[in-house]
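First up is the structure itself, then whatever we jot down about it.
Predicted model, so just to flag it, every value in this text is computed and none were measured.
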Amino acid sequence: MARRYDCNEATDRVTGLREAASAVRRGELVVLPTDTVYGIGADAFSSEAVGDLLAAKGSGRNMPTPVLIGSPNTLHGLVTDFSEHAWELVDAFWPGPLTLVARHQPSLQWDLGDSRGTVAIRMPLHPVAIELLTEVGPMAVTSANLSGHAAPEDCDAAQGMLGDSVSVYLDGGPIPGLVPSSIVDVTGKVPVLLREGALSPEELRKVVPDLEVAS
């Protein structure tokens, strides 16, 4: 039976974060609020848990799961060939609605799907998410909806779709706007905007003027 905690109530939030952290360490799934959408998450280094996440959503391995982190410092252990442009984007827009596609360290023992040596990584601007990520480390997190359905506006919608496949639901209230993160590929010499979301090309070019937009 899934457990749900109201993170707008202090005592429930403390208990919920503790239970969510324990669930992640056991290889179970949790739903958490972020600044862009409710996410369903698992330990990024547990291949079995990530497989359960994809199964819960009805997603295939052709859509690799992004990774959320609680601090930019965590990048040092996860990515390689991270350019000066990439660090400038991190400094300007993290925590916030910017996902960076980077090359991950070849030595990492994780399986996020058919990622071809890259990882989509972000630090969300949400206190509940950051607190959980700081406690448990990098998490594989994607939108908390069934494949083909709209991203959930609140915890009710997420729970209605995912039910008992998730152990712990952290309810942070409605997500205003539901605007997805912008995705920038930083694996090459020039950053490339793959998806325009909360950040426009104009905003990004204030930091990296040579940003290209994928056709």
Side-chain angles (χ1 to χ4, degrees), residues 24 27-32 34-69 74-75 77-83 86 89 97-124 129 133 136-153 157-167 175 178-188 190-199 211-215:
V24 171
E28 297 170 3
L29 306 181
V30 302
V31 161
L32 64 153
T34 78
D35 48 338
T36 59
V37 68
Y38 268 86
I40 176 174
D43 179 357
F45 298 102
S46 169
S47 299
E48 185 175 350
V50 174
D52 289 344
L53 186 158
L54 294 174
K57 277 181 63 81
S59 297
R61 288 177 52 80
N62 61 314
M63 295 289 287
T65 308
V67 169
L68 295 187
I69 59 177
T74 307
L75 283 170
L78 301 181
V79 300
T80 185
D81 300 326
F82 208 63
S83 67
L89 288 167
L98 175 65
T99 297
L100 297 176
V101 177
R103 300 195 186 282
H104 68 69
Q105 294 279 3
S107 60
L108 288 179
Q109 298 299 308
W110 63 13
D111 181 5
L112 302 169
D114 297 331
S115 60
R116 298 175 184 164
T118 66
V119 60
I121 197 161
R122 185 168 87 87
M123 179 182 176
L133 292 162
V136 301
M139 290 180 62
V141 180
T142 185
S143 56
N145 56 279
L146 294 175
S147 184
H149 290 66
E153 299 180 6
Q159 193 165 7
M161 284 186 275
L162 299 171
D164 286 340
S165 63
V166 171
S167 293
I175 304 292
L178 275 186
V179 180
S181 66
S182 296
I183 302 176
V184 174
D185 185 336
V186 294
T187 60
V190 177
V192 178
L193 179 63
L194 302 179
R195 180 183 75 187
E196 181 178 350
L199 297 169
L211 175 89
E212 296 180 356
V213 178
S215 56

_Nearest atoms (heavy-atom pairs only) where Leu53 meets Ala42_ = CD1-N, 3.9 Å
*Shortest non-hydrogen contact from Ile40 toward Ala56*: CD1-CB, 4.1 Å
*Once you round to the nearest 0.5 Å, how far does CG of Asp43 lie from CG of Leu29?*
11.0 Å
_Just to verify, which of Asn145, Val31, Val141 counts as forming a side-chain contact (heavy atoms from CB on, under 4.5 Å) with Tyr38?_
Val31
*Any residue meeting salt bridge (charged side-chain N to carboxylate O under 4.0 Å, His left out) with Asp52, in chain and number order, not counting sequence neighbours*: none
*Taking all heavy atoms of Met161 and all of Pro152, pick out the closest pair and write down the distance.*
CE-CB, 4.1 Å
*Run the numbers on Met139 and Leu133 for side-chain contact (heavy atoms from CB on, under 4.5 Å), then give the verdict.*
CA-CA 7 Å; Met139 290 180 62; Leu133 292 162; 3.8 Å; yes
*State, to 0.1 Å, how close Thr80 and Pro106 come at their nearest heavy-atom pair, and which atoms those are.*
CG2-CD, 4.5 Å
*Thr36 side chain reached by Pro124 side chain, heavy atoms, under 4.5 Å*: no
*Just how far is it from atom CD1 of Ile121 to atom CG of Leu100, taken to the nearest 0.5 Å?*
8.5 Å
_Verdict with reasoning, Leu78 to Leu108, per side-chain contact (heavy atoms from CB on, under 4.5 Å)_ = CA-CA 7 Å; Leu78 301 181; Leu108 288 179; 4.1 Å; yes
*Supply the atom-to-atom distance Leu54 CG to Thr142 OG1, rounded to the nearest 0.5 angstrom.*
8.5 Å
*Roughly how far, to the nearest 0.5 Å, is CG of Asp81 from OG1 of Thr187?*
9.5 Å
*Atom of Ser147, atom of Ser59 and distance for their closest heavy-atom approach*: CB-OG, 4.0 Å
*Out of curiosity, Arg122 CZ to Thr34 OG1, how far, rounded to the nearest 0.5 Å?*
5.0 Å
*Can you find a pair of side-chain heavy atoms, one from Lys57 and one from Ser143, that are under 4.5 Å apart?*
yes
*May I ask you to test the Val37-Pro180 pair for a side-chain heavy-atom distance under 4.5 Å?*
no
*asked:* Walk me through whether Leu146 and Leu162 qualify under side-chain contact (heavy atoms from CB on, under 4.5 Å).
replied: CA-CA 7 Å; Leu146 294 175; Leu162 299 171; 4.2 Å; yes
_I'd like to check the side-chain hydrogen bond (donor to acceptor under 3.5 Å, both in side chains) partners of Asp111; sequence neighbours left out, ordered by chain and number._
Arg61
*Candidate list Leu211, Val101, Val192, Leu194, test side-chain contact (heavy atoms from CB on, under 4.5 Å), partner Val184, passing option*: Leu211
_Euclidean distance, Met63 CE relative to Leu112 CG, rounded to 0.5 Å_ = 13.5 Å
_Under the side-chain hydrogen bond (donor to acceptor under 3.5 Å, both in side chains) definition, can you give me all pairs with a residue in residues 98-109, not counting sequence neighbours?_
Thr99-Ser181
